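What follows is a set of notes on a single structure, which appears directly below.
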Amino acid sequence: MVTVSSRPPTSTWTAAAPAGLFARIALQALAAVVAGYLAMGVVAALGLWAAGAADLPGGFTAVLAAVVVMATGGEVELSGDAGALAGPQAQLTAMPLSVTLVGALVTGYCFLRPLRHHAVTGARELLLRAGAVVVLWLVALAGLSALARHDFRITLGGQETEDPLMDLFGDLLDSVNPTVGFRTDLGPTLFYGLLWILGVLLVALLVSRGTPLPSRLVRYQEPVRPAAHAMLLLLLAYVLVGLVVGLVVATKGHPADTFAVLLLGLPNVTWLALGVGIGGSWEGRAEGPFGLPVPQVLDAVLRGGGGGERPDLSTVDLSSLAAQDGRAWWLLPVAAVLVLAAAFAAAVRSPARTRPWQHSLRFGVAFALTMLVAAPVTLVEARFGLSVLGIGELDSLGGQVLLRPHVWVIAGFALLWGLVLGLLGGLLASRVHRKGEVERPDHDKDGADPSGTP
């Protein structure tokens with residue numbers, strides 16, 4: 001006698017032995033964490049090598065660890081010591097977004113890969129997988145933070161200036177063995193690292209087209225995922241365009257500086273170009289020996305000085321960049337083409353029943369939220385100076401770079417562009433066969449009954 005059971009098959013969570021399931025999830029989480037950190041380490045090491053950091057006396061490993069920590073949102077504090085004669089003052093706030101982007105893509109892919117064959121994902125299993133990745137990520141980040149500390153000795157007497165007094169101060173400073181170093185602030189580093197890895201896992205789930213969601217979240221899949229995936233494509237498209245432009249620039253001179261920027265801060269430049277192209281703006285300045293080697297037009301604007309209410313700061317927008325180089329006007333049509341392409345991609349991947357105004361609203365909100373995240377991470381604040389006897393600074397031995405986005409202005413323009421081009425993308429996609437659309441026979445389209453009945 002054969003008994004047929006009507007009970008549906010059990011899920012992976014209940015069918016697998018708990019110990020075996022936990023072990024498998026832990027190993028897959030470990031693989032995702034190791035792959036993410038390894039990818040970031042390789043990109044950061046190549047970028048530092050191109051920047052000349054390989055020649056640092058005994059500090060390359062510590063600098064590499066510091067760059068990876070900064071790429072995950074960690075805080076690295078600069079410090080110095082020049083005895084009673086001078087007080088070094090240093091500050092650095094920046095994210096090497098090339099390293100950040102590679103780490104996020106690799107970690108997100110490895111996190112989603114074990115779920116690709118699941119018909120459905122249970123909420124408990126998804127939380128367990130995410131929790132394992134988060135815990136292991138923070139443990140590894142704490143270990144890197146311990147490595148990211150080093151002190152370098154500063155040699156100033158060999159630098160000849162036009163001011164004999166400055167040369168004398170340089171010789172005196174060398175006599176007290178001045179040093180500058182960096183340390184990680186573990187508390188803020190772990191806090192921002194937690195936000196970073198949670199954001200990466202959340203975005204990975206949002207942009208994935210095939211990863212199943214828990215049953216309670218399935219209803220949010222159609223309105224969210226197409227627009228989120230299109231935003232990822234838009235950001236990656238700008239990085240790809242920037243990479244091509246950077247490789248062309250590298251063939252015309254300064255290849256080492258160019259490759260250092262490509263490997264460490266390419267999205268910092270390209271996502272700024274996206275914000276400027278849609279009408280957004282940044283403010284900042286650059287002075288002293290520090291600056292931005294690529295693109296030179298941005299460095300020129302930052303050194304040009306500003307006007308109006310903040311004469312000490314320069315405004316970086318489409319008009320100020322075009323005043324330095326007329327080719328900057330190309331940022332506007334490039335933005336129009338790529339944002340429209342992203343809007344069309346989002347509409348094509350949406351169900352056919354979705355109306356154009358719904359595309360417009362969803363794409364506008366998605367674009368605004370994307371720029372609310374992308375614009376702030378382009379922030380750069382770097383400063384170094386020596387306060388001599390507490391009464392002033394040696395200008396020839398210090399400098400600063402500041403680049404700060406007008407976040408809400410950029411997000412406002414992104415919302416406006418998203419609403420307009422989202423509507424246009426939805427109208428264009430209405431002529432394309434999409435998911436959920438059923439082709440009717442020709443005679444049915446003409447109003448005839450397929451059965452032949454009048």
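From a predicted model like this one, the values you see are computed outputs, not experimental measurements.
In this structure, Trp196 and Ala71 approach most closely via the heavy-atom pair NE1-O, 3.6 Å. Ala44 and Leu64 make their closest contact through CB-CD1, 3.5 Å (heavy atoms, listed as atom of the first residue, atom of the second, distance). Smallest separation of non-hydrogen atoms from Met40 and Trp137: CE-CH2, 3.6 Å. Counting all heavy atoms, side chain and backbone alike, Gly280 lies closest to Ile410 at CA-CG1, 3.9 Å. Considering all non-hydrogen atoms of both residues, Leu243 and Leu262 come closest at CD1-CD1, 4.2 Å. Contact between Ser98 and Gly265 at its shortest, heavy atoms only, is OG-N, 3.4 Å.
Judged as a ring-ring contact (aromatic ring centres under 6.0 Å, His included), and not counting sequence neighbours, Trp271 has no contacts. With sequence neighbours excluded, the residues forming a side-chain contact (heavy atoms from CB on, under 4.5 Å) with Leu332 are Leu318, Trp417, listed by chain and number. In this view, Phe344 satisfies the ring-ring contact (aromatic ring centres under 6.0 Å, His included) rule with no residue, not counting sequence neighbours. In this structure, the side-chain contact (heavy atoms from CB on, under 4.5 Å) partners of Arg149, at least two apart in sequence or on a different chain, are Arg183. Listed by chain and residue number, Ala230, Phe363 satisfy the side-chain contact (heavy atoms from CB on, under 4.5 Å) test with Ala346 (two or more places apart in sequence, or in another chain). With sequence neighbours excluded, the residues forming a side-chain contact (heavy atoms from CB on, under 4.5 Å) with Leu202 are Leu206, listed by chain and number. For Trp49, the ring-ring contact (aromatic ring centres under 6.0 Å, His included) test picks out no residue, with sequence neighbours left out. Residues satisfying the side-chain hydrogen bond (donor to acceptor under 3.5 Å, both in side chains) test with Asn268, not counting sequence neighbours, are none. Residues satisfying the salt bridge (Lys or Arg N to Asp or Glu O under 4.0 Å) criterion with Glu381, sequence neighbours excluded, are Arg404. Asp325 pairs by the salt bridge (Lys or Arg N to Asp or Glu O under 4.0 Å) definition with Arg327, not counting sequence neighbours. In this structure Arg225 satisfies the salt bridge (Lys or Arg N to Asp or Glu O under 4.0 Å) test with no other residue, sequence neighbours excluded.
Here the CE-CG distance, from Met95 to Leu101, works out to 10.5 Å after rounding to the nearest 0.5 Å. Atom SG in Cys110 sits 11.0 Å away from atom CG in Leu30 (nearest 0.5 Å). Leu48 CG to Leu263 CG: the interatomic distance, rounded to the nearest 0.5 Å, is 9.5 Å. Between Arg124 atom CZ and Leu126 atom CG the span is 12.5 Å, to the nearest 0.5 Å. Separation of atoms CE (Met231) and CE (Met371) is listed at 10.0 Å; rounding is to 0.5 Å. Note that CG of Leu136 is 10.0 Å distant from OH of Tyr37, once rounded to the nearest 0.5 Å.
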(request) Just do the side-chain contact (heavy atoms from CB on, under 4.5 Å) check on Leu201 and Val134 with the steps written out, would you? (result) CA-CA 9 Å; Leu201 300 183; Val134 168; 4.1 Å; yes
(request) Tell me, with the steps shown, if Arg349 and Glu222 meet salt bridge (Lys or Arg N to Asp or Glu O under 4.0 Å). (result) CA-CA 9 Å; Arg349 290 187 173 95; Glu222 289 184 356; over 6 Å; no
(message) If you apply the rule side-chain contact (heavy atoms from CB on, under 4.5 Å), what do you find for Phe367 with Leu415, and how did you get there?
(response) CA-CA 6 Å; Phe367 195 15; Leu415 177 61; over 6 Å; no
(message) Quick one, Leu266 with Leu97, criterion side-chain contact (heavy atoms from CB on, under 4.5 Å). Give me CA distance, side-chain angles, the key distance, then yes/no.
(response) CA-CA 7 Å; Leu266 179 58; Leu97 289 182; over 6 Å; no
(request) May I have the step-by-step check of side-chain contact (heavy atoms from CB on, under 4.5 Å) for Leu321 and Leu331, ending in yes or no? (result) CA-CA 10 Å; Leu321 292 174; Leu331 295 176; 4.3 Å; yes
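Counting only distance, with no hydrogens or angles, the side chain of Ser360 and the backbone of Gly422 share no donor-acceptor pair below 3.5 Å. The backbone N or O of Ser350 sits nowhere less than 3.5 Å from a side-chain atom of Thr354 that would complete a donor-acceptor pair. Checking side-chain atoms of Thr189 against main-chain N and O of Gly74 turns up no donor-acceptor pair under 3.5 Å. With hydrogens and angles ignored, the 3.5 Å screen pairs a side-chain donor or acceptor of Thr251 with a backbone N or O of Val248. Panel note: side chain Ser314, backbone Val301; a donor-acceptor pair is recorded below 3.5 Å. A donor-acceptor pair under 3.5 Å is absent between the side-chain atoms of Ser208 and the main chain of Leu205, judged by distance alone. Between the side chain of Ser320 and the backbone N or O of Thr315, at least one donor-acceptor pair lies under 3.5 Å. Within the 3.5 Å criterion, the main-chain N or O of Met70 finds no donor-acceptor partner in the side chain of Tyr192.
Among pairs with a residue in residues 227-252, none fulfils ring pair (Phe, Tyr, Trp, His ring centres under 6.0 Å), at least two apart in sequence or across chains.
Leu274 has its side chain within reach of Leu235: a pair of non-hydrogen atoms, C-beta onward, lies under 4.5 Å apart. Between Leu46 and Phe259, every side-chain heavy-atom pair lies at or beyond the 4.5 Å cut-off. Taking 4.5 Å as the limit, every side-chain heavy atom of Leu403 sits out of range of all side-chain heavy atoms of Leu379. Looking only at side-chain heavy atoms (C-beta outward), Val69 and Leu141 come within less than 4.5 Å of each other. Using a 4.5 Å cut-off on side-chain heavy atoms (C-beta onward), Leu144 and Thr72 make no contact. Using a 4.5 Å heavy-atom cutoff, the side chains of Leu313 and Leu402 are in contact. Two residues are said to be in side-chain contact when any heavy atoms from C-beta on lie closer than 4.5 Å; Asp317 and Trp282 fail this criterion. For the pair Leu372 and Trp408, the minimum side-chain heavy-atom distance is below 4.5 Å.
For the side-chain contact (heavy atoms from CB on, under 4.5 Å) with Val207, the lone residue among Leu232, Leu112, Val224 that qualifies is Leu232.
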